[in-house]
Amino acid sequence: MPLLQFDVIQGRSESELKMLLDAAHRAVLAAFKVPERDRYQIVQENKAYQMVFEDTGLGLQRTDNLVMVRVFTSPRSDEQKHFFMAELAREFKENCGIEGSDLMITFITNDKGDWSFGNGVAQYITGDL
C-alpha cells in the first residue's frame, strides 16, 4: 500500500495509461520497498476544462499531458517522499514522455488502522499484514 489516484485529461489510449501506471508502480517499488503485488491505482479522466492547474508563481508551463497524482499512504519519511517524487518524474519523462512541469504530486497520510483491504477487516490492526 499506497493507493495512487491519477487525474489526467481524457484522450490517452489504453496503452498510454498502462505505461503511466506501470511507470508509477516502478517508482512506488523503488521508493517504498513494498511487495510487487502491493499495487493500488485509480485513473480518473477529465475534460481539459475540468482541470485547472496553474503554477503558484513557479513559471511552470503546463500542457494537456498534465498528471495529478495523489498518494494515500501511511506515514513516510521526507526522504522517501522526495525520492518517490524524483523517481516518478524520471519514470514519466523516460517512459511516457511527460515533462516534470506536467506532473503534480501530493501525499495524503493516514494511519494503518484506516485501511481495510477486504472483508471489512483492518488487516494491519489484526496482524494479517
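Values below: all heavy atoms of this structure, side chains included; hydrogens, waters and symmetry mates excluded.
Tyr124 and Val34 end up in different hydrophobic clusters when Ile, Leu, Val, Met, Phe, Trp and Tyr side chains are linked at under 4.5 Å. Taking hydrophobic clusters as Ile, Leu, Val, Met, Phe, Trp and Tyr residues chained together by side-chain heavy-atom distances below 4.5 Å, Leu3 does not share a cluster with Leu29. Residues Ile108 and Phe84 fall into different hydrophobic clusters, defined by Ile, Leu, Val, Met, Phe, Trp and Tyr side chains chained together at heavy-atom separations under 4.5 Å.
Ion pairing between a basic and an acidic side chain is recognised when a charged N comes within 4.0 Å of a carboxylate O; Asp22 and Arg39 show such pairing.
Separating the CZ atom in Arg12 from the SG atom in Cys96 is a distance of 8.0 Å, to the nearest 0.5 Å. Interatomic distance, Gln80 CD to Met85 CE, rounded to the nearest 0.5 Å: 11.5 Å. Rounded to the nearest 0.5 Å, atoms CZ (Arg90) and CZ (Arg26) are 8.0 Å apart.
Thr56 places no side-chain N or O within donor-acceptor distance of the main-chain N or O of Leu58, the cut-off being under 3.5 Å. Checked by atom type and distance alone, the side chain of Ser116 pairs as donor or acceptor with a backbone atom of Val121 at under 3.5 Å. Side-chain atoms of Asn95 come within 3.5 Å of backbone N or O of Glu91 as a donor-acceptor pair. The main-chain N or O of Asp114 is never found under 3.5 Å from a side-chain atom of Asn110 such that the two would form a donor-acceptor pair. The closest donor-acceptor contact from the side chain of Gln41 to the backbone of Leu21 lies under 3.5 Å. Judged by distance alone, the side chain of Asp55 and the main-chain N or O of Gly57 form a donor-acceptor pair under 3.5 Å.
In plain terms, the two heavy atoms of Leu66 and Met51 that are nearest each other are CD2-CE, 3.8 Å. Closest non-hydrogen pair, Gly113 versus Ala122, comes out as O-CB, 4.3 Å.
Two residues are said to be in side-chain contact when any heavy atoms from C-beta on lie closer than 4.5 Å; Arg62 and Leu60 meet this criterion. Contact annotation: the side chain of Val71 never approaches that of Thr106 to less than 4.5 Å [non-hydrogen atoms, C-beta and beyond]. By the 4.5 Å heavy-atom criterion applied to side chains, Lys47 and Ile9 are not counted as neighbours. Side-chain contact between Ser74 and Thr109 is absent, with no heavy-atom pair separated by less than 4.5 Å. Looking at heavy atoms from C-beta onward, Arg70 lies out of side-chain contact with Leu4 at the 4.5 angstrom threshold. By the 4.5 Å heavy-atom criterion applied to side chains, Gln123 and Lys112 are not counted as neighbours. Side-chain contact check for Val8 versus Asn46: every heavy-atom pair is 4.5 Å or farther apart. The shortest distance between side-chain heavy atoms of Glu45 and Leu17 falls below 4.5 Å.
Each ring-ring contact (aromatic ring centres under 6.0 Å, His included) pair with one or both residues in residues 33-83, not counting sequence neighbours, appears once here: Tyr40-Phe117.
The side-chain tip of Arg76 points at the ring of Phe32 from less than 6.0 angstrom away and within 45° of straight on.
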For Phe6 and Ile42, run side-chain contact (heavy atoms from CB on, under 4.5 Å): C-alpha distance rounded to whole Å, both residues' side-chain angles, the deciding distance at 0.1 Å, then the answer. CA-CA 6 Å; Phe6 304 83; Ile42 301 169; 6.0 Å; no
Give the C-alpha distance, both sets of side-chain angles, the deciding distance and a yes or no for side-chain contact (heavy atoms from CB on, under 4.5 Å) between Asp7 and Val67. CA-CA 6 Å; Asp7 275 278; Val67 180; over 6 Å; no
Determine, stepwise, if the pair Phe92 / Asp102 fulfils side-chain contact (heavy atoms from CB on, under 4.5 Å). CA-CA 10 Å; Phe92 277 10; Asp102 275 328; over 6 Å; no
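Heavy atoms of other residues, nucleotides or ligands lying less than 6.0 angstrom from NZ of Lys93 number 12 at most.
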